[in-house]
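Bear in mind that the values here come from a model prediction, so they are computed numbers and not experimental data. In the text below, chain A, chain B and the rest are named by the order of the sequence lines, each starting its count at 1.
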There are 2 protein chains.
Amino acid sequence: MQDQRESGRQQVFEAIRNANQIARIDIAKATSISPATVTAITSELLSAGLITELHSDPVPGVAKRGRPRVALSVRGDAFLIAGMKIADRHASVVLLDFVGETIGEYSQPIPNGQMGADEFATVIHDVLHAACNECGRRLEDVTGLGLGMAGLIDAARNFVYWSPSLKARNVEFGEALSNVLPMPVFLDNDANLVAKAEQHFGEGQGETDFIVITIEQGVGMGIVIGNEIYRGERGCGAELGHTKVQLEGAMCRCGQRGCLEAYVGDYALLREASVHGQGIPHDSVAALYAHAKAGDATALSIFERAGRMLGMGLVNVINIFDPKLVILSGEQASLDFFDGDRLLEWVKSSVVQVDAPLPEIRVHRWGDLMWAKGAAAYAIEAVTRQKIKGLSRDAA
Amino acid sequence: MQDQRESGRQQVFEAIRNANQIARIDIAKATSISPATVTAITSELLSAGLITELHSDPVPGVAKRGRPRVALSVRGDAFLIAGMKIADRHASVVLLDFVGETIGEYSQPIPNGQMGADEFATVIHDVLHAACNECGRRLEDVTGLGLGMAGLIDAARNFVYWSPSLKARNVEFGEALSNVLPMPVFLDNDANLVAKAEQHFGEGQGETDFIVITIEQGVGMGIVIGNEIYRGERGCGAELGHTKVQLEGAMCRCGQRGCLEAYVGDYALLREASVHGQGIPHDSVAALYAHAKAGDATALSIFERAGRMLGMGLVNVINIFDPKLVILSGEQASLDFFDGDRLLEWVKSSVVQVDAPLPEIRVHRWGDLMWAKGAAAYAIEAVTRQKIKGLSRDAA
DNA sequence: ATATTTTTTTCATGACACAAATTAAATATG
DNA sequence: CATATTTAATTTGTGTCATGAAAAAAATAT
């Protein structure tokens with residue numbers, strides 16, 4: 001959080017990455033850096049091997065007069081980046097090239113329950129090793145690993161306050177990982193990684209400020225302000241799931257009362273169903289939802305109340321941040337449980353009203369892999385920053 | 001939100017302003033700018049008249065060996081800055097010098113009710129004129145005016161979406177002001193100005209990230225992230241008062257239900273009291289509070305519920321932002337209505353628990369003038385930025 | 001009177017960005 | 001087909017900014 005000014009090199013590189021492929025003159029326009037400087041910087045990036053020139057054959061019909069522009073693009077094969085997401089019993093890995101193209105995917109069950117830090121680091125090492133083998137790469141080829149796990153995490157310090165995967169609290173988990181892994185590791189809370197995934201691969205592309213809300217077992221939030229994830233003082237902000245929506249309300253698994261999660265989380269839904277007892281499934285949310293869909297009023301009311309609470313949470317977020325864009329991001333199922341369209345209508349009508357366009361709310365459903373891709377995106381960012389900082393004009 | 005990198009000049013000047021008085025060598029240490037550069041920059045600032053040297057007579061006893069350091073400080077008389085706060089029926093003005101020292105204060109009743117933009121701009125002109133006269137200054141001597149008013153305001157554009165003082169909605173009020181006032185005007189929401197006041201004169205001095213919450217008629221919030229006020233996309237975020245604390249809850253004057261303000265605002269307290277009817281005062285919160293203090297259970301319960309709702313709001317803010325510091329800022333009375341110590345205890349125990357220090361919560365009570373001082377601080381910032389940007393090394 | 005210490009300034013240098021001029025590489029045109 | 005035109009990219013010279021090293025300044029210590 002120090003060198004926050006984007007150096008010219010960073011800006012140019014970002015422009016190339018964003019555009020996929022782009023000519024120098026357009027980089028100049030996009031960044032409002034002079035063409036002269038763009039030439040200088042791109043020649044550095046070229047000789048450092050971070051980007052390449054794409055000489056496309058001139059298409060006679062479309063071609064215009066003048067010297068043809070030569071497109072630049074990020075060299076995908078410059079670095080191999082890995083992203084890993086740790087879930088309850090599974091680790092999923094994605095290998096990306098430096099452009100962000102998927103090189104390979106891998107998933108593997110891991111022991112359930114809490115482990116010691118070193119033990120768990122070894123598991124992660126082994127998973128990554130297996131993933132590399134699977135894709136015909138070597139562990140040593142991986143330039144950086146992004147690692148997402150549930151819990152309260154201070155990303156800046158690679159520090160874990162608490163995680164369901166670790167036995168101890170307050171672990172310098174980054175160090176444990178460094179001991180067994182040859183590449184730098186970048187640790188973050190999984191909600192933040194969804195935000196990163198949206199920023200690089202999803203609905204947040206090209207946006208500088210937005211909020212991502214994820215609904216699964218719990219409710220998570222990622223806040224992007226000025227292209228950066230906002231993390232708060234201790235690195236554990238954005239706990240939307242533990243925002244209070246009811247005074248003296250339902251008991252949450254965090255031990256507090258009235259948390260949003262205690263109404264919207266899957267355990268909360270099942271709890272309600274189980275109280276009612278006969279006739280209503282209370283072992284899987286999907287089954288409960290099917291029951292509601294089939295017309296069962298009680299099951300329906302469970303989802304309705306949860307939906308309204310979720311709506312409250314959304315309204316509060318919007319009233320507090322006045323964001324330009326809110327992305328509801330999650331796996332297919334979770335979002336459908338709450339009658340989305342009606343919910344969003346209610347949210348929009350319940351927000352502080354101004355005579356200016358309401359924040360846009362986009363729903364983005366996608367699969368299991370996004371977590372790992374977000375982790376990888378985080379690592380790509382970090383590696384990029386590091387590699388570019390290591391440049392200087394005296395490099396031959 | 002563009003030229004966000006602090007130029008060396010800005011940094012050095014800020015260091016001088018923060019330190020009140022400071023030698024070049026210490027500026028270099030504080031900013032990690034080299035002494036050579038500090039000399040260059042300070043000589044510019046000196047010849048531009050923004051700062052002065054303070055040659056203190058050497059004190060024989062304390063003096064150390066070596067060339068004595070000469071302290072620099074901001075030249076208070078460089079510019080005269082005004083801050084004005086528009087309230088229901090009063091306008092209060094404060095005149096500050098460039099250091100932030102109070103030159104004069106002034107207060108004047110203004111017509112109640114909504115006015116046209118030009119009409120209201122004229123009122124503001126007249127008030128400022130009177131304030132200047134009062135202090136023996138001329139209107140033309142004022143280099144910048146910070147203006148705070150209630151309502152939804154986009155500070156970046158000096159635009160008013162809505163204000164209780166203006167007849168029309170969506171007013172380019174900045175333009176209306178430019179037509180009648182000779183100096184640049186900087187408009188902002190009053191909650192943000194409290195944040196500015198705390199940052200420059202209050203509990204936020206030296207802090208880069210904090211949240212200010214104000215409790216008066218409504219509940220306001222100012223968010224400072226990285227020394228900057230966070231304003232959201234349309235410039236109207238941080239509406240903590242209209243955060244929902246109860247689904248389908250009490251009617252708020254904004255037309256929505258369940259807003260925090262609908263439980264904590266003074267009209268909400270009085271509404272509750274008036275329903276009860278006999279025996280309980282329902283025309284002034286102070287009277288109602290006195291009644292509660294005297295032991296009336298009903299009156300007490302009104303404040304208690306409001307206090308708990310306020311606590312929910314605080315908890316939510318902390319869970320979302322994970323701030324280092326929260327400042328409860330307001331006039332003497334409002335804060336006392338809610339049993340502060342107990343409230344803060346509850347808040348601290350209800351926040352997501354991490355094994356890291358809880359955010360600090362400071363209570364800051366102060367008088368009516370803070371609004372105007374905050375407005376002036378905002379103007380000082382803007383004027384400073386502008387004056388320093390206007391410098392360059394070719395200046396003789 | 002001279003040495004020492006500390007702050008401040010001066011000076012030469014390097015990184016960076018830019019405008020202006022130049023070169024490169026294509027198409028349009030008579 | 002040679003030349004003009006157009007557009008992109010590069011080169012060149014210049015200015016700003018920050019810096020390290022050396023020098024100067026201004027005090028106390030010996």
Do NZ/NE/NH1/NH2 and the carboxylate oxygens of [X] and [Y] come within less than 4.0 Å?
X         : Y         : answer
Glu198(A) : Lys196(A) : no
Arg9(B)   : Glu44(B)  : yes
Asp322(A) : Arg234(B) : yes

Distance in angstrom units between [X] [atom1] and [N] [atom2], rounded:
X         : N       : atom1 : atom2 : value
Gln10(A)  : dC16(C) : CD    : C1'   : 15 Å
Leu54(A)  : dA9(D)  : CG    : P     : 12 Å
Ile41(A)  : dA15(C) : CD1   : P     : 15 Å
Ile388(A) : dC16(C) : CD1   : P     : 13 Å
Glu44(B)  : dT10(C) : CD    : P     : 14 Å

- [ ] Output yes when at least one side-chain N/O atom of Thr37(B) is less than 4.0 Å from OP1 or OP2 of dT19(D), else no.
- [x] yes
- [ ] Note the angle between the end axes of the helix from dA1(C)-dT30(D) to dG30(C)-dC1(D), five pairs defining each, rounded to 10 degrees.
- [x] 30°
TODO: State, yes or no, whether a side-chain contact exists between Leu46(A) and Glu53(A) at a heavy-atom distance under 4.5 Å.
DONE: yes
TODO: Could you tell me whether the side chain of Leu96(B) reaches within less than 4.5 Å of the side chain of Glu101(B), counting heavy atoms only?
DONE: no
Task: Tyr230(B) ring center within less than 6.0 Å of Phe321(B) ring center - done: no
TODO: Quick one: list whatever passes salt bridge (charged side-chain N to carboxylate O under 4.0 Å, His left out) with Glu175(A), sequence neighbours left out.
DONE: none
Open item on the list: Parallel, tilted or perpendicular, judged at 30° and 60°: which one describes the rings of Phe98(A) and Phe13(A)?
Closed with: tilted
Set out, line by line, the N/O atom pairs under 3.5 Å between protein and nucleotides 6-9 of chain C.
from, atom 1, to, atom 2, distance (Å)
dT6(C), O2, Arg67(B), N, 2.6
dT7(C), OP1, Arg69(B), NE, 3.4
dT7(C), OP1, Arg69(B), NH2, 2.1
dT7(C), O4', Arg67(B), O, 3.1
dT7(C), O2, Arg67(B), NH1, 3.4
dT8(C), OP1, Val70(B), N, 2.8
dT8(C), OP1, Val70(B), O, 3.4
dT8(C), OP2, Ile25(B), N, 2.9
dT9(C), OP2, Arg24(B), NE, 2.9
dT9(C), OP2, Thr39(B), OG1, 3.0

